[in-house]
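What follows is a single structure, written as structure tokens, with notes after it.
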Amino acid sequence: MDVRLARRLAADLMGVGESRVWISPDHLDDVAMAISRQEIRALIKDGTIQKRYPSTPSRGRIRMRRAKKKRGRGRGPGSRKGPRFDEKDVWVAHVRAQRRYIRWLRDKGYLDRSTYRRLYRLIKGGSFRNLSHLKLYIKEHNLLRKGEE
């Protein structure tokens with residue numbers, strides 16, 4: 001029994017693709033005999049021809065990937081989006097700039113030895129976000145001996 005015409009007409013009437021048209025295996029003879037849209041409409045109304053649910057993509061692969069990521073796989077720097085800065089390198093750059101600045105202040109005579117050591121330890125402890133934050137701290141606490149730089 002050839003039901004290709006019926007399948008095509010039913011798909012058109014129901015507004016779905018041909019793969020989503022279900023035809024009852026018990027009534028294949030009736031469906032093969034139907035050649036008009038009106039007959040197909042009647043078969044749809046009877047329930048002989050029905051619309052299948054759309055198939056959704058399988059979530060199996062997603063579940064597997066999620067389980068792997070939970071174990072720490074696929075979380076390296078090559079999988080990340082956005083700015084790719086190594087946090088340690090950023091930290092080192094900030095600390096070096098701050099130390100260079102207080103060393104310059106000490107060498108020029110703006111800082112005494114004890115203040116230099118205290119600031120050095122504060123920098124090491126991460127007290128300052130950046131160089132401008134360190135300068136603000138120095139200014140607010142009046143730590144410079146001579147005139148400002």
Side-chain angles (χ1 to χ4, degrees), residues 1-107 111 115-144 148-149:
M1 278 153 277
D2 193 18
V3 292
R4 282 183 296 187
L5 172 68
R7 185 179 296 279
R8 185 175 60 76
L9 291 174
D12 193 40
L13 287 170
M14 293 190 286
V16 297
E18 290 182 31
S19 61
R20 280 185 59 193
V21 174
W22 178 83
I23 299 170
S24 171
D26 302 334
H27 300 92
L28 283 175
D29 301 332
D30 302 339
V31 174
M33 296 300 291
I35 54 169
S36 69
R37 286 175 178 265
Q38 193 173 357
E39 291 170 337
I40 299 294
R41 271 193 209 98
L43 290 170
I44 291 170
K45 196 173 182 183
D46 296 344
T48 305
I49 298 176
Q50 294 176 3
K51 192 191 304 187
R52 275 197 193 126
Y53 287 107
S55 63
T56 54
S58 169
R59 292 198 50 86
R61 288 180 298 278
I62 295 164
R63 286 191 200 102
M64 284 168 63
R65 192 177 304 127
R66 193 176 293 145
K68 284 180 181 176
K69 283 203 170 189
K70 205 172 180 182
R71 287 194 291 269
R73 309 293 186 269
R75 288 193 181 275
S79 305
R80 295 180 192 174
K81 293 182 179 178
R84 290 165 177 82
F85 299 119
D86 183 20
E87 290 173 26
K88 184 176 178 180
D89 290 344
V90 172
W91 165 264
V92 168
H94 283 164
V95 167
R96 283 179 180 171
Q98 292 168 22
R99 286 178 178 171
R100 200 178 309 121
Y101 179 67
I102 63 168
R103 193 179 316 124
W104 182 83
L105 288 175
R106 183 197 63 191
D107 294 345
L111 287 180
T115 310
Y116 169 80
R117 289 312 306 169
R118 189 159 50 102
L119 286 172
Y120 193 97
R121 287 195 305 272
L122 285 170
I123 290 168
K124 183 179 181 177
S127 295
F128 309 112
R129 292 185 297 275
N130 47 37
L131 188 55
S132 53
H133 189 206
L134 170 64
K135 288 178 179 178
L136 186 68
Y137 178 87
I138 291 170
K139 194 172 184 180
E140 285 178 351
H141 291 82
N142 297 320
L143 298 176
L144 297 179
E148 301 257 338
E149 37 145 327

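Quick note: numbers below take in every heavy atom, side chains included, and nothing from hydrogens, waters or symmetry partners.
- Taking the side chain as every heavy atom from C-beta outward, Tyr101 and Ile138 approach each other to under 4.5 Å.
- A heavy-atom distance below 4.5 Å is found between the side chains of Arg96 and Arg100.
- How far CG of Leu119 is from NE2 of His141: 10.0 Å, rounded to the nearest 0.5 Å.
- Summarising the geometry, atom CD belonging to Gln98 is positioned 11.5 Å from atom OH belonging to Tyr120; distances are rounded to the nearest 0.5 Å.
- Proximity of Phe85 to Asp89: side-chain heavy atoms (C-beta onward) are nowhere separated by under 4.5 Å.
- Annotation: the span from Arg8 atom CZ to Ile40 atom CD1 amounts to 10.0 Å, rounded to 0.5 Å.
- Distance check: Ile123 CD1 to Arg99 CZ gives 7.0 Å after rounding to the nearest 0.5 Å.
- Between Leu43 and His27, the closest side-chain pair of non-hydrogen atoms is not below 4.5 Å.
- Across Glu39 and Met33, no two heavy atoms sit closer than the pair OE1-O, 4.0 Å.
- Listed by first then second residue, pairs satisfying side-chain hydrogen bond (donor to acceptor under 3.5 Å, both in side chains) with a partner in residues 69-84 number zero, not counting sequence neighbours.
- Within the 4.5 Å cutoff, no side-chain heavy atoms of Arg4 are placed close to those of Glu18.
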For a quick test of your reading: what N or O donor-acceptor pairs under 3.5 Å do the side chains of residues 45-64 make, sequence neighbours left out?
residue	atom	partner	partner atom	Å
Gln50	NE2	Gly47	O	3.1
Arg52	NH1	Ser19	O	3.0
Ser58	OG	Gly60	N	3.2

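- In this structure, Val31 and Ala6 approach most closely via the heavy-atom pair CG1-CB, 3.5 Å.
- For Leu28 against Val3, the heavy-atom pair with the smallest separation is O-CG1, 4.1 Å.
- Under the 3.5 Å distance criterion, the side-chain polar atoms of Arg37 are left unmatched by any main-chain donor or acceptor of Leu13.
- Considering every non-hydrogen atom in both Ile35 and Leu9, the closest pair reads O-CD1, 3.8 Å.
- Atom-to-atom distance recorded for Leu111:CG and Trp104:CH2 is 10.0 Å, nearest 0.5 angstrom.
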All N/O donor-acceptor pairs, side-chain side in residues 126-134, below 3.5 Å, sequence neighbours left out:
residue	atom	partner	partner atom	Å
Ser127	OG	Leu122	O	3.3
Asn130	OD1	Ser132	N	3.4
Asn130	OD1	Ser132	OG	2.9
Asn130	OD1	His133	N	2.9
His133	ND1	Arg129	N	2.9

